[in-house]
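Remarks on the structure that follows.
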Amino acid sequence: MLSISYGAGLRVCEVINLKIEDVDSERNLIHIKQSKGGKDRVTILPEKIKDDLKNLMYANDNQRYLFESERGGNLTTRTAQKIFEQALKRSGIIKKASFHSLRHSFATHLLENGVDVRYVQELLGHKNIRTTQIYTHVTNMALRNIKSPL
């Protein structure tokens, strides 16, 4: 759950509502339906987790959601947040973070790797480019820490 959230830039509500049919492993795409603002969008499916997701999807034929609760149906937002908190604790990372930090890291890392801000805007489903440009400020801050080889 955490890998797909970071690797595709998903909000917590998007990952818990992700249905098996929304994952297009042939084209490496994830269809996000009725997200924030009632909008649909398409984002990338990380190649690194494709096999794990396929195993998860085919483990239970009756499953509708990618991440189902033990009683059936989708997980709650709070359950997903608890999973993140437990993983953060086990990792030994002491920096304050939330489930949404995965989405922020996705955007920041794409921009740091040279992906055009307009593509990042599309992947995140931002209506306004200014919302996405917040991440360019973060990456510009990182640039200030780079020392010239001279």
Side-chain angles (χ1 to χ4, degrees), residues 1-139 142:
M1 179 188 316
L2 302 179
S3 295
I4 198 168
S5 296
Y6 165 69
L10 303 182
R11 296 175 177 98
V12 66
C13 62
E14 294 169 344
V15 76
I16 64 169
N17 289 311
L18 199 59
K19 294 184 179 96
I20 291 174
E21 66 195 40
D22 299 333
V23 179
D24 184 346
S25 57
E26 296 298 316
R27 294 177 28 208
N28 291 344
L29 298 174
I30 301 171
H31 300 270
I32 307 299
K33 297 175 182 158
Q34 296 296 298
S35 187
K36 191 172 179 181
K39 294 171 72 178
D40 294 354
R41 75 173 195 281
V42 176
T43 190
I44 53 177
L45 171 64
E47 186 72 40
K48 264 189 170 175
I49 64 169
K50 248 170 82 165
D51 289 338
D52 290 338
L53 283 180
K54 280 183 183 180
N55 292 336
L56 183 65
M57 289 188 289
Y58 300 117
N60 185 350
D61 293 334
N62 300 326
Q63 207 167 298
R64 181 175 177 200
Y65 291 95
L66 189 58
F67 303 102
E68 284 207 351
S69 72
E70 292 174 358
R71 65 192 184 291
N74 60 337
L75 296 172
T76 65
T77 301
R78 186 64 195 130
T79 299
Q81 291 167 338
K82 282 182 182 177
I83 290 168
F84 175 83
E85 290 163 7
Q86 290 168 357
L88 187 65
K89 191 174 188 178
R90 281 193 311 269
S91 73
I93 296 171
I94 54 173
K95 186 176 180 182
K96 198 166 183 154
S98 67
F99 197 101
H100 202 73
S101 301
L102 298 168
R103 183 172 158 87
H104 282 279
S105 297
F106 168 79
T108 301
H109 294 154
L110 286 179
L111 291 167
E112 286 175 347
N113 288 322
V115 176
D116 188 284
V117 69
R118 290 173 299 229
Y119 292 124
V120 176
Q121 176 189 8
E122 282 294 315
L123 293 171
L124 293 174
H126 288 160
K127 183 178 179 181
N128 192 320
I129 190 72
R130 281 180 270 168
T131 307
T132 313
Q133 287 174 329
I134 292 167
Y135 301 108
T136 61
H137 173 72
V138 173
T139 59

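We count residues from 1, following the sequence as given.
- Side chain of D22 to main chain of K19: a donor-acceptor pair is present (N/O by atom type, distance under 3.5 Å, no hydrogens or angles).
- S91 contributes a side-chain N or O that, together with a main-chain N or O of L88, makes up a donor-acceptor pair within less than 3.5 Å.
- Taken to the nearest 0.5 Å, the CZ atom of F67 stands 5.5 Å off from the CD1 atom of I4.
- The closest donor-acceptor contact from the side chain of R41 to the backbone of L123 lies under 3.5 Å.
- Side-chain contact check for Q34 versus N17: every heavy-atom pair is 4.5 Å or farther apart.
- Rounding to the nearest 0.5 angstrom, the gap separating the CG atom in L111 from the CG atom in D116 is 8.5 Å.
- Every residue meeting the side-chain contact (heavy atoms from CB on, under 4.5 Å) condition with E47, not counting sequence neighbours, appears here in chain and number order: N28, K50.
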Could you go step by step and tell me if F106 and I44 meet the side-chain contact (heavy atoms from CB on, under 4.5 Å) rule?
CA-CA 11 Å; F106 168 79; I44 53 177; 4.0 Å; yes
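- Contact of the V12 side chain with the H100 side chain is not registered, since no non-hydrogen atoms from C-beta on lie closer than 4.5 Å.
- For the side chain to side chain contact (heavy atoms under 4.5 Å, CB included) test with F99, the passing option among L10, T77, V15 is V15; the others fail.
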Could you give the side-chain donor-acceptor pairs of residues 80-87 under 3.5 Å, partners two or more places apart or in another chain?
{"unit_1": "E85", "atom_1": "OE1", "unit_2": "R78", "atom_2": "NH2", "d": "3.3"}
{"unit_1": "E85", "atom_1": "OE2", "unit_2": "R78", "atom_2": "NH1", "d": "3.1"}

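- Between the CG atom in D40 and the OG atom in S35 there is a gap of 8.5 Å [rounded to 0.5 Å].
- For the side chain to side chain donor-acceptor pair (under 3.5 Å) test, residues two or more places apart in sequence or in another chain that qualify with H109 are Y6.
- Residue pairs that meet the ring pair (Phe, Tyr, Trp, His ring centres under 6.0 Å) test with at least one member in residues 7-31, sequence neighbours left out, do not exist here.
- Atoms NZ and CD1, from K39 and I32 in turn, are 13.5 Å apart once rounded to the nearest 0.5 Å.
- Between I49 atom CD1 and S25 atom OG the span is 11.5 Å, to the nearest 0.5 Å.
- Atom-to-atom distance recorded for L124:CG and T132:OG1 is 6.0 Å, nearest 0.5 angstrom.
- Partners of E122 under the side-chain contact (heavy atoms from CB on, under 4.5 Å) rule, at least two apart in sequence or in another chain, do not exist in this structure.
- Across every non-hydrogen atom of P46 and A8, the tightest pair is CG-N, 4.3 Å.
- In this structure, H126 has no ring pair (Phe, Tyr, Trp, His ring centres under 6.0 Å) partners at least two apart in sequence or on a different chain.
- With contacts defined as side-chain heavy-atom distances shorter than 4.5 Å, the pair L53/L45 qualifies.
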